[in-house]
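All of these numbers come straight from a predicted model, not from anything done at the bench. In what follows, chains are A, B, ... by sequence order, proteins preceding strands, each numbered from 1.
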Amino acid sequence: MKEFLVQPLRDALQSLGTAAEIQFEKPADEKFGDLSTNVAMQLARDLKKNPRQIAADIVSKLVLDKSVVEKVGVAGAGFINFYFAKGASLVAAKEILLKGATYGEGTVGAGQRAIVEYVSANPTGPLTVGRGRGAVLGDTIANLLAAQGYAVTREYYFNNAGRQMRILADSVRMRYLELCGDEVSYPEDYYQGDYIKDIARNIFETQGASLRYSQELTLFKETAEAEIFESIKQTLARLGIAHDAFFNENTLYEIGESGTSRLDDVISRLREKGYIEEREGAVWFKTSLLGKKKVEDKIEIGVDTVLVKSTGEPSYRLPDIAYHINKFARDFDLMVNVFGADHIDEYPDVLRALKVLGYDETKVKVAINQFVTTTVNGEVVKMSTRKGNADTLDALIDDVGADATRFFFIMRNKETHLNFDLELAKKQTPDNPVFYLQYAHARISGILRLAVSEKNFVASANEYELLTSLTVKEEIDLAKILLEFPAAIERAALTLEPNRLITYLNGVAEVFHKFYHECRIIGEPDAVMKPRLYLILAARQVFQNGFKILGISAPEKM
RNA sequence: GUGCCCGUAGCUCAACCGGAUAGAGCAUCAGCCUUCUAAGCUGGAGGUUACUGGUUCGAUUCCAGUCGGGCACGCCA
């Protein structure tokens with residue numbers, strides 16, 4: 001609708017001898033119309049005039065199509081409010097039915113390629129509840145970007161080498177030796193979870209005690225990795241999450257045709273630019289030259305970053321940089337990384353390196369999610385994989401179901417701490433927020449079932465026109481909010497904040513329930529019933545399309 | 001100690017780029033089912049937007065400081 005207003009407003013401003021960027025917003029209160037602009041207030045300072053007077057001047061010069069904009073008003077400090085003709089929304093509502101499953105899709109990412117990297121847990125143990133938030137967040141962001149026309153790659157970055165994996169393998173070996181009957185003192189800093197014992201048992205069952213006196217860890221490592229990875233994928237699958245690509249960090253260490261690895265290449269390129277220094281036996285990235293600093297005793301000190309430790313091993317930042325260069329080589333227009341707040345200090349180094357090497361680092365977006373605390377009976381449960389007292393994501397899904405799991409993880413802004421109330425999520429009662437939404441969909445489905453079975457209703461595109469005969473306030477309100485769906489998706493996608501979509505859908509559910517109470521459908525004369533049936537078909541479409549992005553089911557009955 | 005994030009109704013959270021009387025759900029109080037699902041709707045009560053200043057015609061939003069919580073500050077990942 002904004003398109004109808006922008007040019008007339010520009011013309012009006014021009015005839016007053018001025019110009020400004022024209023911004024619209026949806027007024028909080030419907031008595032202020034459907035859209036408003038604050039352009040008069042913006043101009044107040046330059047023109048040194050009362051904003052209300054400016055607004056009145058603008059309105060007097062406005063030329064608008066009366067069949068679209070019914071009324072224009074000036075209110076408050078100088079807002080210009082536009083009231084749309086009822087028919088305008090209803091005509092537009094036909095689009096929802098015509099577009100069907102594609103309604104709501106946008107073109108922000110048309111012709112562009114995006115990669116979303118999420119989960120990325122190393123295969124050292126089952127996914128925890130804490131990991132779940134990033135997993136669902138990343139998956140939903142990927143869905144939102146896909147809905148904006150991006151060709152999206154969902155990628156999982158992992159490392160199955162290094163110290164952690166050695167500890168994992170040795171943990172399994174220790175448990176295996178226990179099964180062989182050996183007395184072992186199990187180290188405290190080894191993996192404590194029962195899954196280690198399960199893996200050891202599987203090995204013991206197939207291999208017997210044949211590995212008892214071997215120091216070789218390979219079988220333990222490979223078995224553990226394979227089994228744990230399999231369980232991670234299964235857990236993700238329960239939430240409807242499936243990655244397109246798995247990127248193994250090890251490939252960055254491999255020596256290519258040039259005789260160097262990707263990691264070597266990063267260092268030599270940074271060295272050419274003058275950002276590498278070797279001292280104390282280590283290789284440093286001179287981030288101090290790029291603004292990285294810390295403050296000690298109120299004195300700022302530049303800070304460099306180690307890329308290769310004095311042991312000769314790369315620190316984890318080096319492969320991180322190489323990995324991002326790899327993403328650029330794959331020519332993505334947008335690269336989203338989803339990770340937890342504990343990595344908050346890591347990505348600035350990566351971005352600094354990318355910038356220095358001539359990449360457009362603004363294409364990299366980082367979605368950081370704050371931690372999850374779970375409460376059970378009001379008591380906070382802290383989690384750690386290493387200690388083995390973690391609530392696994394699997395157990396959570398068993399407990400509350402996939403829909404509630406997904407919903408709870410994304411219903412809050414990612415940057416706020418999430419309190420996952422296990423008791424609440426488990427409830428099959430109205431205090432559980434996911435039910436409020438799904439119930440609206442189930443109600444619509446129930447009405448449509450009846451319409452088909454008792455009134456022989458068959459939806460037909462040449463009857464969509466009937467929507468324009470709706471007149472009741474609750475009908476119009478519903479049509480209007482359904483039309484905001486594309487904007488809601490776009491906003492959620494651009495900000496990488498799926499919770500905005502939930503907030504929007506909650507609003508739709510609220511307006512629908514009001515409509516439901518005010519407007520009966522089955523049993524009304526055809527002239528009333530049919531337009532309403534098409535209206536709720538449109539509402540159902542919005543719920544279904546929205547639920548698909550959120551990754552939750554759309555139950556026909558509850 | 002330093003950096004980043006957060007602080008909004010009793011609880012969990014919204015508030016689109018700085019806009020109009022700060023909104024929902026839960027809990028609570030009062031109503032609404034012979035009629036499409038009462039997992040719903042209507043109404044009431046509930047707020048110094050942590051605090052103090054600043055910028056602005058206008059601040060929950062931006063800036064500075066204070067207090068409180070989380071995370072990170074390693075040649076760990």
Side-chain angles (χ1 to χ4, degrees), chain A residues 21 23-29 31-32 36 38 41-42 44-45 50-51 75-79 81 122 124 159 162-164 249 280-284 293-298 300 303 305-317 319-320 340-346 348 368-371 373 411-419 421 424 427-433 435-436 438-440 442-451 454-455 484 487-488 490-491 494-495 499-500 502-504 506-507 509-510 512-514 516-524 529 532 536 557-558:
Chain A
E21 193 193 343
Q23 300 171 353
F24 293 100
E25 65 185 87
K26 192 192 159 206
D29 192 321
K31 78 182 177 199
F32 295 124
S36 76
N38 60 357
M41 286 116 98
Q42 304 283 354
R45 194 187 319 182
N50 179 344
F79 290 100
N81 297 327
N122 289 341
T124 58
N159 183 359
R163 185 168 156 270
Q164 281 187 56
E249 183 181 324
E280 300 154 37
V283 179
W284 298 77
K293 62 197 170 195
K294 64 176 177 180
V295 180
E296 249 171 44
D297 299 328
K298 301 193 175 172
E300 287 190 354
V303 176
T305 308
V306 168
L307 293 183
V308 181
K309 301 183 241 175
S310 54
T311 59
E313 282 180 303
S315 79
Y316 69 97
R317 273 167 222 241
D320 253 8
D342 52 341
H343 287 252
I344 206 157
D345 282 343
E346 166 183 350
I368 290 173
N369 59 284
Q370 292 293 324
F371 280 8
T373 50
M411 69 181 176
R412 303 302 175 217
N413 186 308
K414 62 181 180 290
E415 292 187 352
T416 65
H417 302 280
L418 175 68
N419 177 23
D421 185 335
L424 177 61
K427 282 187 190 168
Q428 305 282 312
T429 62
D431 13 336
N432 191 337
F435 284 93
Y436 183 79
Q438 292 183 319
Y439 178 60
R443 250 188 174 173
I444 293 171
S445 301
I447 298 168
L448 290 170
R449 266 197 307 277
L450 269 178
E454 292 188 9
K455 304 290 175 185
E484 292 169 25
E490 184 177 317
R491 206 160 55 231
L494 288 174
T495 56
N499 59 305
R500 290 169 181 268
I502 289 179
T503 304
Y504 165 77
N506 270 321
E510 197 184 327
F512 167 74
H513 286 308
K514 285 179 186 172
Y516 174 90
H517 279 270
E518 208 56 42
C519 303
R520 283 197 64 80
I521 300 175
I522 309 296
E524 295 290 323
M529 178 182 76
R532 287 180 179 170
I536 65 169
K557 286 182 182 178
M558 291 177 76

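- For the P atoms, the distance from B/A77 to B/C17 is 38 Å, rounded to whole Å.
- Within the nucleic acid shown, A/Leu450 comes within 4.0 Å of sugar-phosphate atoms alone, with no base atom in reach, counting heavy atoms only.
- Considering only the side chain of A/Glu280, B/C75 comes nearest among B/A39, B/C75, B/C6.
- A/Ala75 comes within contact range of at least one nucleobase, with a heavy-atom separation under 4.0 Å.
- Considering all non-hydrogen atoms of both residues, A/Met529 and A/Gly523 come closest at SD-N, 4.5 Å.
- With sequence neighbours excluded, the residues satisfying side chain to side chain donor-acceptor pair (under 3.5 Å) with A/Thr495 are A/Arg500.
- Taking side-chain N and O atoms only, A/Lys309 has a distance below 4.0 Å to OP1 or OP2 of B/A77.
- Candidate nucleotides B/A77, B/U12, B/C36 were compared by shortest atom distance to the side chain of A/Arg412, and B/U12 ranks first.
- Atom name P, nucleotides B/U2 and B/C29: the rounded distance is 49 Å, in whole Å.
- Checked against B/A77, B/C41, B/G19, the side chain of A/His517 finds its nearest nucleotide in B/C41.
- To the nearest 0.5 angstrom, A/Leu418 atom CG is 11.0 Å from A/Asn499 atom CG.
- Nearest to the side chain of A/Glu415, among B/G40, B/C6, B/A77, sits B/C6.
- Shown here are the ring pair (Phe, Tyr, Trp, His ring centres under 6.0 Å) partners of A/His343, two or more places apart in sequence or in another chain: A/Phe339.
- An aromatic stacking contact between A/Tyr436 and the base of B/G25 is absent, as defined here by ring centres under 5.5 Å apart and ring planes under 30° from parallel.
- For the strand RNA chain B, secondary-structure stems (runs of at least three Watson-Crick or G-U pairs, all distances below 3.5 Å) span B:1-7 with B:67-73, B:10-13 with B:23-26, B:28-32 with B:40-44, B:50-54 with B:62-66.
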